[in-house]
Colleague: 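Let me begin by handing over the structure; questions about it come next.
For this chain, numbers begin at 1 and follow the sequence in order.
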Amino acid sequence: MNQSDRANDNLQLLGNQSTNYPTSYDPGVLESFDNKHPENDYFVKFNCPEFTSLCPITNQPDFATIYISYVPNIKMVESKSLKLYLFSFRNHGDFHEDCVNIIMKDLIRLLDPKYIEVWGKFTPRGGISIDPYVNYGQPDTPWHQVAFNRMANHDMYLEKIDNR
């Protein structure tokens, strides 16, 4: 067994042919693996166009594209576990703003990334769409300033809306 195989021993979902889909919110399904290039700063971006959750008041479904971008530190999120984690929101009742904050905080606990941002682009209900954005940069690093700058300049220009 080589070093790469040992580093991935903790991955239980990848390649598992009998996947169980969570029926309620479950951050415990998230898995990570070692970043093979921790000396490099680079972005990893996930586009999740089939996110669903429930309105906590009406219990009606909400649909969104969730964008997750992060600069890994020591750990990286395994994509199948991320897919199952996001699926676990399907029966979870929370406001849009809560969903993106919860996703970011769960990933911070799992990965301790240098930088992370989560942007939810929810489809309209009642004629209004809500697009919450949240980010985080490790304190006392240049990434903390990056987080401030990206937040201060976020969404200042008109964008092409192509997910609605």
Side-chain angles (χ1 to χ4, degrees), residues 21-22 24-33 35 37-38 40-164:
Y21 287 85
S24 59
Y25 166 71
D26 185 6
V29 73
L30 286 167
E31 294 183 346
S32 65
F33 61 93
N35 177 7
H37 307 282
N40 294 344
D41 286 347
Y42 59 98
F43 270 97
V44 177
K45 183 174 184 180
F46 293 98
N47 301 312
C48 315
E50 299 176 349
F51 180 83
T52 60
S53 62
L54 297 176
C55 173
I57 305 300
T58 66
N59 215 30
Q60 292 181 348
D62 291 315
F63 303 92
T65 297
I66 301 290
Y67 298 97
I68 301 167
S69 296
Y70 74 103
V71 177
N73 192 10
I74 304 301
K75 294 289 185 182
M76 301 180 70
V77 67
E78 192 281 312
S79 61
K80 183 176 181 181
S81 77
L82 179 63
K83 176 180 77 171
L84 294 173
Y85 165 73
L86 293 173
F87 182 88
S88 81
F89 279 83
R90 181 168 297 237
N91 295 317
H92 179 74
D94 243 329
F95 292 113
H96 305 336
E97 299 86 351
D98 296 322
C99 289
V100 298
N101 275 280
I102 290 167
I103 291 166
M104 185 187 74
K105 289 175 181 178
D106 286 343
L107 289 171
I108 290 171
R109 275 191 290 279
L110 178 73
L111 305 173
D112 188 28
K114 295 176 184 179
Y115 175 82
I116 188 168
E117 60 188 30
V118 180
W119 193 354
K121 294 183 170 272
F122 286 80
T123 56
R125 279 210 295 126
I128 297 176
S129 63
I130 301 173
D131 295 350
Y133 171 86
V134 63
N135 73 8
Y136 162 87
Q138 282 187 342
D140 303 319
T141 73
W143 290 105
H144 188 72
Q145 187 63 43
V146 168
F148 175 81
N149 290 338
R150 286 179 75 98
M151 182 63 75
N153 295 295
H154 175 75
D155 215 12
M156 292 191 56
Y157 303 101
L158 292 176
E159 64 177 289
K160 177 181 173 218
I161 306 294
D162 60 2
N163 71 326
R164 316 187 221 279

Colleague: Side chain to side chain contact (heavy atoms under 4.5 Å, CB included) between N73 and L111: does it pass, once the steps are laid out?
Modeller: CA-CA 7 Å; N73 192 10; L111 305 173; over 6 Å; no
Colleague: Considering only heavy atoms from C-beta outward, does the side chain of N59 approach that of L54 to under 4.5 Å?
Modeller: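 Yes, their side chains come closer than 4.5 Å.
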Colleague: Minimum heavy-atom separation for G137 to A147, with atom names?
Modeller: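 Minimum heavy-atom separation between G137 and A147: N-CB, 3.5 Å.
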Colleague: Starting at OG of S88, measure out to NZ of K83 and round the result to the nearest 0.5 Å.
Modeller: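 Result: 13.0 Å between the selected atoms.
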Colleague: Could you tell me if the side chain of E97 sits less than 4.5 Å from the side chain of V134, heavy atoms only?
Modeller: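 No, too far: nothing below the 4.5 Å cut-off.
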Colleague: To the nearest 0.5 Å, how far apart are OH in Y42 and NZ in K114?
Modeller: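 NZ of K114 is found 8.5 Å from OH of Y42.
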Colleague: Is Y133 close to M151 at the side-chain level, that is, under 4.5 Å between some pair of heavy atoms?
Modeller: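 Answer yes - side chains close enough.
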Colleague: Do you know which of C48, S53, C99 makes side chain to side chain contact (heavy atoms under 4.5 Å, CB included) with L86?
Modeller: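 Single side chain to side chain contact (heavy atoms under 4.5 Å, CB included) partner of L86 among C48, S53, C99: C48.
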Colleague: OG of S69 to CH2 of W119: how many Å apart, nearest 0.5 Å?
Modeller: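 One gets 10.0 Å once the value is rounded to the nearest 0.5 Å.
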Colleague: Quick one: does V44's side chain get under 4.5 Å of P72's, heavy atoms only?
Modeller: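 Counting from C-beta outward, V44 and P72 do come under 4.5 Å.
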Colleague: Just how far is it from atom CG of D62 to atom NE2 of H92, taken to the nearest 0.5 Å?
Modeller: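 D62 atom CG to H92 atom NE2 measures 11.5 Å (nearest 0.5 Å).
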Colleague: Should C55 and R125 count as side-chain neighbours, where that means a heavy-atom distance under 4.5 Å?
Modeller: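 The answer is yes, as the side chains (C-beta and beyond) meet within the 4.5 Å cut-off.
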Colleague: Could you tell me whether F89 and Y25 have their ring centroids closer than 6.0 angstrom?
Modeller: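 Under 6.0 Å, so yes.
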Colleague: Between L30 and L82, which heavy-atom pair has the shortest distance, and what is it?
Modeller: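 Minimum heavy-atom separation between L30 and L82: CD2-CA, 3.9 Å.
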Colleague: So F95 and I57, do their side chains get closer than 4.5 Å, heavy atoms only?
Modeller: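 In contact.
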Colleague: Please check if the number of heavy atoms outside F43 that lie under 6.0 Å from its CZ is greater than 12.
Modeller: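 Atom CZ in F43 is packed in, count exceeds 12.
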Colleague: Rounded to the nearest 0.5 Å, how far apart are CG of L84 and CD of E31?
Modeller: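 Between atom CG of L84 and atom CD of E31 there are 9.0 Å.
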Colleague: Verify side chain to side chain contact (heavy atoms under 4.5 Å, CB included) between N35 and I74, making sure each step is shown before the conclusion.
Modeller: CA-CA 5 Å; N35 177 7; I74 304 301; 5.8 Å; no
Colleague: Using every non-hydrogen atom in the two residues, find where S129 and T123 come nearest and quote the distance to one decimal.
Modeller: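 What the structure gives for the nearest pair is CB-C, 4.4 Å.
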Colleague: Quick check: do L110 and S32 have side-chain heavy atoms less than 4.5 Å from each other?
Modeller: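 Yes, side chains in contact.
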Colleague: Taking the side chain as every heavy atom from C-beta outward, state whether H154 and N135 have any atom pair closer than 4.5 Å.
Modeller: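 No, their side chains stay 4.5 Å or more apart.
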Colleague: Has D140 got more than 12 heavy atoms of other residues, nucleotides or ligands less than 6.0 Å from its CG?
Modeller: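 Result for CG/D140: open.
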Colleague: Looking only at side chains, do R90 and Y21 share a donor and an acceptor under 3.5 Å apart?
Modeller: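 Distance-only check fails for R90 and Y21.
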Colleague: Output yes when a side-chain donor or acceptor of S81 lies under 3.5 Å from a complementary backbone atom of E78, and no otherwise.
Modeller: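 At least one qualifying donor-acceptor pair exists.
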Colleague: So which atom in Q138 and which in H144 form the shortest heavy-atom distance, rounded to 0.1 Å?
Modeller: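 Taking Q138 first and H144 second, the nearest heavy atoms are O-CB, 3.3 Å.
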Colleague: Using the six-membered ring wherever Trp is involved, compare the ring planes of F122 and H96 and label them parallel, tilted or perpendicular (cut-offs 30° and 60°).
Modeller: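 Aromatic pair F122/H96 classed parallel.
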Colleague: Have a look at I116 and tell me which of L107, V71, I103 forms a side chain to side chain contact (heavy atoms under 4.5 Å, CB included) with it.
Modeller: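 Exactly one option meets the side chain to side chain contact (heavy atoms under 4.5 Å, CB included) with I116, and it is L107.
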Colleague: So, Y70 side chain and V77 main chain: donor-acceptor pair closer than 3.5 Å or not?
Modeller: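 Answer holds: yes.
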Colleague: Heavy atoms only: give me the nearest D26-Y85 pair and the separation to one decimal.
Modeller: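 Taking D26 first and Y85 second, the nearest heavy atoms are O-CD1, 3.7 Å.
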